[in-house]
Amino acid sequence: MVFEKVVVIDAKGHLLGRLASTLAKELQAGQKVVVVRCEEINISGSLFRNKLKYYAFLKKRMNTNPSKGPFHYRAPSRILYRVIRGMLAHKKPKGKAALDRLKVFEGCPHPYDKMKKVCIPRALKNLRLKNHRKFCRLGDLSTLAGWRHNDLIGKLETKRMTKNEKYYEKKKEDAKLLSQAKEAAKEECKEIDAELAALGYGDIVPNYSTEKAEVEAKEDAADDAGDDAEDDDDDDDDDDDDDE
């Protein structure tokens, strides 16, 4: 991952462990990461099997004072956060600083719904899990564990996608109108363009490769001239020695 100011990850279709390990490495390197749509993360194994494992995890607590932990998160975003936390030295200053650079969300809230989102190919379920293997959705597992907002997030995501489709259709129509206007103006301004081209104001297409080659040629010529001058000086010195 190339270092940027903020990277927004669309977690849909990613495997939980592979996604967490990649993000932990980037957070340690100093990258700020935002993860959206955590409810769409996948876990290898059937839902029933993962449910039994999570129920066993829920039973782990402190005998004398359970309020001191361990704390069992139900929300998908907090589950991802806890997995990443387990891969960092979160009790040391460097681990705390790394976790401060992480933000996790269910759904895709503002302003991240209007920002460019990326995926991590090495963590995608379609690329890393065989077709016949079973898998489950983290949002479904969280619902079985006590998370109560799966339906609400689904409604909000449907509303957001509908809004995005309308925006995209309008954007395509505007681009089409702009291209038509350019073509119409091109026919109207053909004579003016011809006059400008005759005066040297035609389309300017920079050729950086040619400019670079010219600069290199000039530098080589200057170096050759310097070498010739040094050779002439050496010949003059030899002639002076012979005269003496």
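For S77, the side chain to side chain donor-acceptor pair (under 3.5 Å) partners are E106, not counting sequence neighbours. Under the salt bridge (charged side-chain N to carboxylate O under 4.0 Å, His left out) criterion, D151 pairs with no residue at all, not counting sequence neighbours. Under the rule for a salt bridge (charged side-chain N to carboxylate O under 4.0 Å, His left out), R18 has no partner lying at least two apart in sequence or in another chain.
Judged by distance alone, with hydrogens and angles left aside, the side-chain atoms of H72 form no donor-acceptor pair with the main-chain N or O of Y54 at under 3.5 Å. Judged by distance alone, with hydrogens and angles left aside, the side-chain atoms of H14 form a donor-acceptor pair with the main-chain N or O of I120 at under 3.5 Å.
In the displayed structure, E191 atom CD is contacted under 6.0 Å by at most 12 heavy atoms of other residues, nucleotides or ligands. Within a 6.0 Å sphere centred on NZ of K117, heavy atoms belonging to other residues, nucleotides or ligands number more than 12. For F135, the CZ atom counts as loosely surrounded, since its 6.0 Å shell holds 12 or fewer non-hydrogen atoms of other residues, nucleotides or ligands.
With contacts defined as side-chain heavy-atom distances shorter than 4.5 Å, the pair V7/V34 does not qualify. The side-chain heavy atoms of P76 and I41, taken from C-beta on, include no pair separated by under 4.5 Å. Taking 4.5 Å as the limit, every side-chain heavy atom of M87 sits out of range of all side-chain heavy atoms of K25.
Closest approach of L88 to Q28, counting heavy atoms only: CD2-CG, 3.4 Å. When all heavy atoms of L144 and Y55 are compared, the pair lying nearest together is O-OH, 3.1 Å. When all heavy atoms of A123 and L19 are compared, the pair lying nearest together is CB-N, 3.7 Å. Between R82 and P70 the shortest heavy-atom distance is NH2-CB, 3.9 Å. Nearest approach of E39 to G107, heavy atoms of both residues: OE1-N, 3.0 Å.
Centroid-to-centroid, the aromatic rings of F105 and Y112 come within less than 6.0 Å.
Sequence neighbours left out, the pairs with a member in residues 167-180 that pass salt bridge (Lys or Arg N to Asp or Glu O under 4.0 Å) are E169-K172, K170-D174.
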Using atom types as modelled, flag every donor-acceptor pair under 3.5 Å from a side chain in residues 61-68 to any protein atom, sequence neighbours excluded.
unit_1: N65; atom_1: OD1; unit_2: S67; atom_2: N; d: 3.4
unit_1: N65; atom_1: OD1; unit_2: S67; atom_2: OG; d: 2.5

Without placing hydrogens or testing angles, list every side-chain donor-acceptor pair under 3.5 Å for residues 45-53, not counting sequence neighbours.
unit_1: S46; atom_1: OG; unit_2: R49; atom_2: N; d: 3.3
unit_1: N50; atom_1: ND2; unit_2: S44; atom_2: O; d: 3.4
unit_1: N50; atom_1: ND2; unit_2: G45; atom_2: O; d: 3.2
unit_1: N50; atom_1: ND2; unit_2: S46; atom_2: O; d: 2.9

